[in-house]
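One structure below.
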Amino acid sequence: MSIEKILILILPIITLSCQPENTLDINEISDPPEYFVECFCKPGDLYQLTATRVTRMSDDFIWDLSIPFKTYITDSTSHKLSQGLFYDAYSHFVYNYSSPLKVPVDFNDSLYLKIISPSGDTISGKTHVVSQIKISNYNLKNNNIELSFNIDPSADKRHYVINIENWQQGEIINSEKLFSNFSTSYKESETVNITNSTNIHELDSIRIKVFHVTGENYDYQISLNDAIKSNENNITQPSPLKGNLNGSLGIFTYYTEDIATYIPSKQ
């Protein structure tokens with residue numbers, strides 16, 4: 001998804017400074033954990049997961065997808081994920097664990113993750129589900145995008161990420177991102193405004209994506225952006241990733257998505 005996942009080329013940027021010691025809860029990240037796991041569950045999609053070992057600064061970076069974890073995700077039943085090399089053509093991400101079963105639609109309970117490492121360490125996580133997001137209206141005037149979408153009535157489930165992708169000749173040339181947290185106030189629908197830094201009339205299309213995410217994923221996305229920015233400035237103190245896993249760096253989470261596409265008129 002266009003919510004940030006750590007790409008093969010991005011992971012070393014964030015994790016090369018981590019020297020694995022004892023496996024700890026990510027919420028107590030003073031001592032870096034040994035493993036890194038990412039799993040984003042979208043209703044109707046296959047369960048897909050990336051699990052690897054955090055790289056030492058002194059080692060050559062190797063994206064080791066061959067580590068034989070025992071990996072289970074539980075919704076109404078427990079599913080064992082199979083190890084392999086899986087490519088998602090939509091998101092262009094590579095995974096090393098997957099299941100032929102799909103994330104249930106209209107599921108109202110929590111999902112649970114359990115991973116057992118080769119040495120017997122346990123990695124665990126839990127995520128609640130969020131409601132389906134729906135773009136109700138959008139307007140573009142000059143380079144300003146006005147976007148409306150439904151809001152969850154539960155105060156702890158009002159976290160959203162908006163991504164604006166600018167397309168030209170079949171490629172994304174740049175994008176804009178906005179984080180929106182409406183946990184302190186409630187309306188059935190919210191309207192946000194985003195300024196597109198690119199002249200929209202020079203584009204072939206604009207893809208508007210709205211993600212309804214958990215609070216843990218919301219914090220994870222922001223900390224990931226901060227970590228990447230801190231790496232770009234060698235003077236800046238490294239920014240740790242926030243997550244919701246016990247025994248690993250990373251995230252196990254659920255999200256929903258809606259997409260609208262705008263075709264600008266050429267001037």
Side-chain angles (χ1 to χ4, degrees), residues 3-41 47-74 78-86 88 93-99 110-127 214-231 234 236-254:
I3 291 180
E4 294 292 343
K5 298 177 184 176
I6 298 186
L7 284 162
I8 292 176
L9 295 179
I10 295 179
L11 181 60
I13 293 175
I14 299 169
T15 60
L16 279 176
S17 62
C18 299
Q19 298 183 18
E21 296 178 6
N22 296 324
T23 300
L24 296 177
D25 190 307
I26 185 59
N27 296 319
E28 300 176 4
I29 197 169
S30 56
D31 292 321
E34 184 176 356
Y35 300 108
F36 169 79
V37 174
E38 269 192 343
C39 184
F40 296 88
C41 301
Y47 284 114
Q48 296 172 317
L49 180 146
T50 301
T52 188
R53 181 174 281 112
V54 174
T55 305
R56 294 175 182 266
M57 181 180 248
S58 58
D59 294 342
D60 293 332
F61 175 72
I62 299 175
W63 181 261
D64 188 358
L65 300 178
S66 66
I67 302 173
F69 296 99
K70 294 179 181 178
T71 306
Y72 305 88
I73 294 178
T74 301
S78 180
H79 310 290
K80 184 176 182 180
L81 277 64
S82 300
Q83 187 176 14
L85 193 60
F86 308 96
D88 187 324
F93 284 91
V94 176
Y95 305 86
N96 57 334
Y97 286 87
S98 185
S99 167
S110 296
L111 302 177
Y112 298 85
L113 173 69
K114 181 179 180 181
I115 298 175
I116 301 174
S117 74
S119 61
D121 295 325
T122 297
I123 298 166
S124 62
K126 173 185 176 182
T127 180
T214 64
E216 293 84 2
N217 191 11
Y218 184 86
D219 292 339
Y220 180 75
Q221 297 299 320
I222 292 175
S223 68
L224 176 54
N225 278 2
D226 290 343
I228 294 172
K229 289 177 182 178
S230 68
N231 183 77
N234 293 332
T236 305
Q237 180 73 18
S239 179
L241 286 178
K242 295 182 179 180
N244 67 342
L245 296 178
N246 298 311
S248 175
L249 186 70
I251 189 78
F252 172 63
T253 192
Y254 180 102

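Along the sequence shown, residues carry numbers from 1. Keep in mind that the numbers below use all heavy atoms, side chains included, and drop hydrogens, waters and symmetry copies.
Side-chain contact of T122 with S124: a donor-acceptor pair under 3.5 Å is absent, judged by distance alone. If you check the side chains of Q221 and N225, you find no donor sitting under 3.5 Å from an acceptor. Looking only at atom types and distance, the side chain of E216 has no donor-acceptor partner in the side chain of Y254 under 3.5 Å away.
Of all non-hydrogen atoms in L65 and A51, the two that sit nearest each other are CD2-O, 4.5 Å. Across all their heavy atoms, Q48 and C39 have their closest contact at O-SG, 3.4 Å.
Listed for the S223 side chain is a donor-acceptor partner under 3.5 Å among the backbone atoms of Y220. Side-chain atoms of N244 do not come within 3.5 Å of backbone N or O of T127 as any donor-acceptor pair. Side chain of S78 to main chain of T74: no donor-acceptor pair is present (N/O by atom type, distance under 3.5 Å, no hydrogens or angles).
You'll find the side chain of F69 reaches within 4.5 Å of the side chain of P118, heavy atoms only. The side-chain heavy atoms of N96 and T50, taken from C-beta on, include a pair separated by under 4.5 Å.
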Stepwise side chain to side chain contact (heavy atoms under 4.5 Å, CB included) check, C41 with Y47: CA-CA 6 Å; C41 301; Y47 284 114; 4.0 Å; yes
Candidate pair V37 and I115, rule side chain to side chain contact (heavy atoms under 4.5 Å, CB included), full reasoning: CA-CA 10 Å; V37 174; I115 298 175; 3.9 Å; yes
Full working for side chain to side chain contact (heavy atoms under 4.5 Å, CB included) between I67 and R53: CA-CA 8 Å; I67 302 173; R53 181 174 281 112; 3.5 Å; yes
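Distance CG/L113 to CG/L81: 8.5 Å, rounded to 0.5 Å. To the nearest 0.5 angstrom, E34 atom CD is 6.0 Å from S119 atom OG.
You'll find the ring centres of Y72 and H79 outside the 6.0 Å limit.
Looking at L111, N217, I123, T214 one by one, the single match for side chain to side chain contact (heavy atoms under 4.5 Å, CB included) with F252 turns out to be L111. With Y35 as reference, D121 is the one residue of L245, L249, D121 to meet the side chain to side chain contact (heavy atoms under 4.5 Å, CB included) rule.
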